[in-house]
Amino acid sequence: MAKVLIVNGPNLNLLGTREPEVYGAVTLEDIEGLVGERARLRNADVSFFHSNHEGAIVDTLHEAVGTYDAVVFNPGALTHYSYALRDAVASIRIPVVEVHLSNIAAREEFRATSVIAPACTGQISGFGPDSYLLGLEAALAVLSRRP
Ligand code: DQA
């Protein structure tokens with residue numbers, strides 16, 4: 001059974017109340033429920049990690065190796081400037097799918113660049129909570145095509 005870790009960065013714990021006009025009314029707990037449900041249908045095993053702290057996320061990515069087969073990662077605002085997270089993703093030899101609720105290409109200029117995406121297997125952006133489901137599907141597709 002594929003084991004996938006869903007990692008969420010800064011401020012995503014406030015989903016539901018945070019800028020609902022941008023991110024909608026769904027909470028992080030709701031998203032975890034939806035992803036868990038999809039994982040059961042796909043016969044996959046998912047775990048969840050959230051932190052508002054860059055270093056804690058670096059540690060979690062390092063520790064994912066050996067325990068998880070893939071990571072679905074929403075780095076929040078760290079997406080746009082964290083070279084430490086980019087290097088952490090580049091340092092681990094498991095697929096990482098970057099996901100965003102909002103379409104980062106269609107918002108403020110500073111959000112259009114992800115410094116992390118080039119180190120990831122791919123990026124999914126703009127589908128609200130479905131970005132996580134698509135991210136999980138993408139991770140499972142990558143794993144299923146591995147020799
Ligand atoms: C986000 C987009 C980021 O620009 C922002 O800082 C977030 C959320 C998203 O999921 O749309 O915190 O990653």
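Order of listing sets the numbers, starting from 1, for every ligand and every atom in it.
Within the structure, the ring-ring contact (aromatic ring centres under 6.0 Å, His included) test picks out the following pairs touching residues 89-125 (sequence neighbours left out): His80-Phe110.
Note that the CG atom of Leu34 and the CG atom of Asp30 stand 7.0 Å from one another [nearest 0.5 Å].
With respect to the salt-bridge test (charged N to carboxylate O, under 4.0 angstrom), the residues Arg111 and Glu108 qualify.
Other members of the cluster containing Val7 are Leu5, Phe49, Ile57, Val58, Leu61, Val65, Tyr68, Val71, Phe73, Leu78, Tyr81, Tyr83, Leu85, Val89, Ile92, Ile94, Val96, Val115, Ile116, with ILVMFWY side chains joined at under 4.5 Å, either directly or via other members.
Annotation: Glu19, atom CD; neighbour count of heavy atoms from other residues, nucleotides and ligands within 6.0 Å is above 12.
Asp59 pairs by the side chain to side chain contact (heavy atoms under 4.5 Å, CB included) definition with Glu63, not counting sequence neighbours.
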Contacts table for ligand 1: protein N or O within a distance under 3.5 Å of ligand N or O, distances only.
residue, atom, partner, partner atom, Å
ligand 1, 4 (O), His80, NE2, 2.7
ligand 1, 4 (O), Arg111, NH1, 2.9
ligand 1, 6 (O), Ala77, N, 3.1
ligand 1, 6 (O), Arg111, NH1, 3.0
ligand 1, 10 (O), Asn74, ND2, 2.9
ligand 1, 10 (O), Leu101, N, 2.8
ligand 1, 11 (O), Leu101, N, 3.3
ligand 1, 11 (O), Ser102, N, 2.9
ligand 1, 11 (O), Ser102, OG, 2.6
ligand 1, 12 (O), Arg18, NH1, 3.1
ligand 1, 12 (O), Arg18, NH2, 2.9
ligand 1, 13 (O), Asn74, OD1, 2.8
ligand 1, 13 (O), His100, ND1, 2.8

